[in-house]
Amino acid sequence: MAIVGVGVDVVDLARFERALDRTPRLVDRLFTADEQGLPLRSLASRFAAKEALLKALGETTGARWLDMRVVTGSDGNPDLVASGRVAEIMAQRGIGSLHVSLSHDAGVAIAFVVAES
């Protein structure tokens with residue numbers, strides 16, 4: 001196994017909240033049905049995870065926000081699930097597994113993603 005890509009993203013919670021308040025339909029464009037309804041800090045960390053995944057993939061033409069989903073794994077840790085164009089990009093790049101770490105504190109959310117062959 002080899003690391004194919006790494007991505008990190010930080011989200012300011014206050015700025016993220018203002019964006020969601022200004023554009024309520026943004027939630028439907030960014031998050032799958034099972035992600036919606038979570039607390040703001042959880043949505044922000046999931047958004048950061050999706051941004052970090054796109055950075056780890058590199059080429060992301062045609063990728064959609066709803067092609068990425070953050071779920072809670074059987075071990076209680078977050079996992080990324082890809083579908084659609086994101087899954088196609090992963091297959092093209094030989095990416096077989098994703099590792100994600102999420103955190104939020106002091107008004108920010110952060111995500112770190114490692115893509116591995």
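One-based numbering along the sequence shown. For clarity, every value in this text was computed on a predicted model and none was experimentally measured.
- A distance-only check finds no donor-acceptor pair linking the side chain of S45 to the backbone of H104 [under 3.5 Å].
- Rounding to the nearest 0.5 Å places CD of E17 at 10.5 Å from CG of L43.
- Going from atom CZ of R41 over to atom CZ of F16 covers 13.5 Å, rounded to the nearest 0.5 Å.
- By the 4.5 Å heavy-atom criterion applied to side chains, M68 and V81 are not counted as neighbours.
- For the side chain to side chain donor-acceptor pair (under 3.5 Å) test, no residue two or more places apart in sequence or in another chain qualifies with D12.
- For I3, the CD1 atom counts as loosely surrounded, since its 6.0 Å shell holds 12 or fewer non-hydrogen atoms of other residues, nucleotides or ligands.
- Scanning for ring pair (Phe, Tyr, Trp, His ring centres under 6.0 Å) contacts around F31 gives an empty result, with sequence neighbours left out.
- Looking at Q92, its side chain never comes within 3.5 Å of a backbone N or O of G94 through a donor-acceptor pair.
- Side chains of I95 and E116 form no contact here, defined as non-hydrogen atoms less than 4.5 Å apart.
- Summarising the local packing, CG of D21 is surrounded by more than 12 heavy atoms from other residues, nucleotides or ligands at distances under 6.0 Å.
- In this structure the side chain of L13 never reaches within 4.5 angstrom of the side chain of V108, judged on heavy atoms.
- Looking at heavy atoms from C-beta onward, V100 lies out of side-chain contact with F112 at the 4.5 angstrom threshold.
- Linking ILVMFWY side-chain heavy atoms closer than 4.5 Å, directly or via other members, places V114 and L53 in two distinct hydrophobic clusters.
- K50 has a carboxylate O that lies under 4.0 Å from a charged side-chain N of E35, or vice versa, which qualifies the two as a salt bridge.
- Residue F47 is grouped with residue V27 when hydrophobic side chains (ILVMFWY) are merged at heavy-atom distances under 4.5 angstrom, including chains of intermediate members.
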Given L57 and V86, is the side chain to side chain contact (heavy atoms under 4.5 Å, CB included) satisfied, shown in steps? CA-CA 9 Å; L57 294 178; V86 173; 3.9 Å; yes
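- Between the CZ atom in R69 and the CZ atom in R46 there is a gap of 11.0 Å [rounded to 0.5 Å].
- Both V10 and V6 are part of a single hydrophobic cluster, where members link through side-chain heavy atoms under 4.5 Å apart.
- Under the 4.5 Å side-chain heavy-atom criterion for ILVMFWY residues, a single connected hydrophobic cluster contains both L26 and V11.
- Here the CZ atom belonging to R15 is positioned 12.0 Å from the CG atom belonging to L20, to the nearest 0.5 angstrom.
- Under the rule for a salt bridge (charged side-chain N to carboxylate O under 4.0 Å, His left out), the partners of R64 that lie at least two apart in sequence or sit in another chain are D67.
- To the nearest 0.5 Å, atom CG of residue L54 and atom CH2 of residue W65 are 5.5 Å apart.
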Go through M90 and L98 one step at a time and tell me if the side chain to side chain contact (heavy atoms under 4.5 Å, CB included) criterion holds. CA-CA 10 Å; M90 288 176 58; L98 298 170; 3.7 Å; yes
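- The distance from the CG atom of L102 to the OG atom of S42 is 9.0 Å, given to the nearest 0.5 Å.
- Residues E51 and V113 fail the side-chain proximity criterion, which asks for heavy atoms closer than 4.5 Å.
- Between N77 and T72, every side-chain heavy-atom pair lies at or beyond the 4.5 Å cut-off.
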